[in-house]
Amino acid sequence: MLQKPRGTRDFLPEEMEARRSVEATMREVGRRWGYREVCTPEFEDLDLFTLRSGPGIIEEMYVFEDKGGRKLALRPEITAAVVRMYVNEAKVAPKPIRWCYFADCFRYERPQKGRYRQFWQFGVELIGADSAAADAEVIMVAAGMLKATGVTFELKVGHLSFMKNLVKDLDPILQRRVMAHLDKKDFDGLSATLSETGKSDLCRALTDLVACRTLDEAFAIAGDIPDKERVRQTIALLDASGLAYTLNFGIARGLDYYTGTVFEAFAENLGAENQILGGGTYRLAQLFGGDDVASCGFAIGFDRVMVALGDIPRKKDLVVAVICSDEGRARALAVAQAFRDAGIRTETDLSGRGIGAQVAHAAKSADFVVIVGKREAESGEVTIKDLQSGEQATVPLDVAVAKVAAHGAR
RNA sequence: GCCAGGGUGGGGUAGUUGGUUAUCCUAGAGGACUGUGGAUCCUCCGACCCGGGUUCGAAUCUCGGCCCUGGCCCCA
């Protein structure tokens, strides 16, 4: 038997309904903040991704050549494509541009809990607003979106200027190593790296920076940073909004294209892969031939949110089963249509079984059965039975529809 | 790419000193039952992940692969 490719999943209706419901929640939060949905190609020129993230990521991507010899890749993330789209299509659009997206991405990695080779991201990009208010808005949207789904999460907000200011005199390669250590909270590694390069004096300050949880402490440790006022304002706005978050100046966010504000969110019950959101400010447009425009965005690991939410009880559709004998079959179609026109999920018999067998079958999944047999075909009425209460009546069709419509979702 | 533990009908399972037709539950289909309930009874459907090796004989032992689960790495 054929198997699905490693790291991919099939979704049955129950799971799809849960996913669509959460997706709609996120999209609605985006809509209320003015973020309109965009869509970019499933695959792009390989260069788009290596320009952003470096050639090292080729190993982690689905890369292929098309029949014209073009080097292409299934998108491993969406931000690069959205920025490319901005440069191609929307450079002159009025700023700021508020966009969001929900799309699947592909990475050739070892699957584990919350990590798949095909996975979905819900993301937001705010392009062309270079202010504390912009940074704060994106963080508030991020938190609002997660909160609306009902997931329990911890939000961490940081800024790269502090760390960068402390390591600015180091060799760039060393800077990167140091920041990687800090991001992972690998203080032994940090200490070793610094002492082997004769910079042990920095170790204390960097360690303290990661541990500190207030702006004043951070300024005291890192000294005067160029973005001081911007950071103060951003944090002041977050505080004014009543958002729950912790400051963390140890966040370095992997690849080094983030320019200032960075933030991450983590959920419980997710094992090793517990980060459900990541974002920050960046300047990528010029990489793709555009202007040097300030941007801020984030992406939610949608599948991880679904794992973290677990099996949430969901409202189920109310189901009407229309049952008929051969004499009633023609009229049953019209009867079913009347229920559908009222917005009710309605399923008709396809088996030609006896009435008894049909009722037994319907009782497994439906809330109401509507019987259109010989008697109803002659009288012009229908027999409706509430499968929960057992109550049954023979009434005109519009009365039956009204009865079910009044019942509401279960 | 690395490490650990796994893989028996659609789902869940029993089954090692290697030995007849592979157990049970559930789901599905049909019937008892052609105008009324998920019960009950009967019948049917349906599996040893793939390949090589050892053996008279492999679900069982062995090797390789694939896949799953979790972890390392990475995390855009």
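Per chain, numbering begins at 1; letters A, B, ... match sequence-line order.
Each of G37(B), G38(B), C74(B) was ranked by its minimum atom distance to the side chain of Lys364(A); first place goes to G38(B). Looking at the side chain of Gln112(A), the nearest of the listed nucleotides A76(B), C72(B), U36(B) is C72(B). Checking C72(B), G37(B), C75(B) against every side-chain atom of Arg110(A), the shortest atom distance belongs to C72(B). In the set G1(B), G37(B), G35(B), the nucleotide with an atom closest to the side chain of Lys374(A) is G35(B). Among G38(B), A76(B), G30(B), the nucleotide with an atom closest to any side-chain atom of Ala360(A) is G38(B). Closest to the Lys184(A) side chain, of the nucleotides A76(B), C74(B), U36(B), is C74(B).
Judged by Watson-Crick or G-U wobble contacts below 3.5 Å, the nucleotide G28(B) has C44(B) as its partner. Under the Watson-Crick or G-U wobble criterion, with both distances below 3.5 Å, G5(B) is paired with C68(B). Across all strands shown, nothing is found opposite U34(B) as a Watson-Crick or G-U wobble partner with both distances under 3.5 Å. Base pairing of G57(B): no nucleotide in any strand meets the Watson-Crick or G-U wobble criterion (both distances under 3.5 Å). Across all strands shown, C75(B) forms no Watson-Crick or G-U wobble pair with both distances under 3.5 Å.
Taking the P atoms as reference points, A14(B) lies 12 Å from G9(B), given to the whole Å. Taking atom C1' on both U13(B) and G31(B), the two are 28 Å apart, rounded to the nearest angstrom. Taking the C1' atoms as reference points, G1(B) lies 29 Å from G53(B), given to the whole Å. Spacing between G64(B) and C72(B) at atom C1', rounded to whole Å, works out to 24 Å. The same atom, P, is picked in U16(B) and in A27(B); the two are 28 Å apart, to the nearest Å. A gap of 25 Å separates the P atoms of U8(B) and C44(B), to the nearest Å. Using C1' as the reference atom, U60(B) and A47(B) are 16 Å apart when rounded to the nearest Å. With both ends at atom P, the span from G51(B) to A59(B) equals 12 Å, rounded to whole Å.
The minimum heavy-atom distance between Ala366(A) and Ala321(A), with the atom names listed, is CB-CB, 3.8 Å.
Gln358(A) comes within 4.0 angstrom of nothing in the nucleic acid, heavy atoms only. Residue Thr383(A) is classed as a base contact, given a heavy-atom separation below 4.0 Å to a base. As judged by a 4.0 angstrom heavy-atom cut-off over every strand, Glu60(A) is placed among the base-contacting residues. Within the nucleic acid shown, Asp326(A) has no heavy atom closer than 4.0 Å to any nucleic acid atom. Gly56(A) comes within 4.0 angstrom of no nucleic acid atom, judged by non-hydrogen atoms across all strands. Using a 4.0 Å heavy-atom distance criterion, Glu273(A) is classed as a base contact. Residue-level contact check: Lys113(A) touches the backbone only, with heavy atoms under 4.0 Å from sugar-phosphate atoms and none from bases. Contact annotation for Gly114(A): no contact, since no heavy-atom pair falls under 4.0 Å across all strands. The residue Gly356(A) sits close only to the backbone: its heavy atoms come under 4.0 Å of sugar-phosphate atoms, none of a base. Counting any heavy atom pair closer than 4.0 Å across all strands shown, Ile323(A) reaches no nucleic acid atom. Across all strands, Glu327(A) comes closer than 4.0 Å to no nucleic acid atom at all (heavy-atom distances).
Distance, Asp183(A) CG to C75(B) C1': 10 Å, rounded to whole Å. In this entry the distance linking CE of Met179(A) with P of A76(B) reads 12 Å, nearest Å. Between the P atom of G35(B) and the CG atom of Asp349(A) lies a distance of 15 Å, rounded to the nearest Å. When the P atom of C67(B) is taken as reference, atom CZ of Arg117(A) falls 7 Å away, rounded to whole Å. Nucleotide G28(B) holds its C1' atom 11 Å from the CZ atom of Arg353(A), rounded to whole Å. With rounding to whole Å, Asp186(A) atom CG is found 16 Å from C75(B) atom C1'. The interatomic distance linking Leu387(A) (CG) with U36(B) (C1') rounds to 10 Å, in whole Å. Atom P of nucleotide A76(B) and atom CD1 of Ile300(A) are separated by 15 Å, given to the nearest angstrom.
Glu273(A) and Gln112(A) form a side-chain donor-acceptor contact under 3.5 Å, judged by distance and modelled atom types alone. With hydrogens and angles left out, the side-chain atoms of Thr281(A) and Thr259(A) include a donor and acceptor closer than 3.5 Å. Residues Tyr282(A) and Glu125(A) bring a donor and an acceptor atom of their side chains to less than 3.5 Å of each other. Defined by atom type and a distance below 3.5 Å, a donor-acceptor pair is missing between the side-chain atoms of Gln118(A) and Thr8(A).
Side-chain atoms of Arg375(A) and Thr394(A), non-hydrogen and from C-beta on, never get closer than 4.5 Å to each other. Under the 4.5 Å side-chain criterion, counting only non-hydrogen atoms from C-beta, Leu247(A) is not in contact with His159(A). Using a 4.5 Å heavy-atom threshold, the side chains of Leu206(A) and Leu194(A) count as touching.
Under the 6.0 Å distance and 45° angle rule, Arg117(A) does not count as a cation-pi partner of Phe106(A).
For Glu77(A) and Leu270(A), each mapped to the nucleotide of RNA chain B holding its nearest heavy atom, the one lying further toward the 5' end belongs to Leu270(A). The residue among Lys4(A) and Glu109(A) whose nearest nucleotide of RNA chain B is located toward the 5' end is Lys4(A).
Under 3.5 Å, the side chain of Gln392(A) and the base of U36(B) form at least one donor-acceptor pair of N or O atoms. You'll find a donor-acceptor pair under 3.5 Å spanning the side chain of Arg115(A) and the base of C74(B), going by distance alone.
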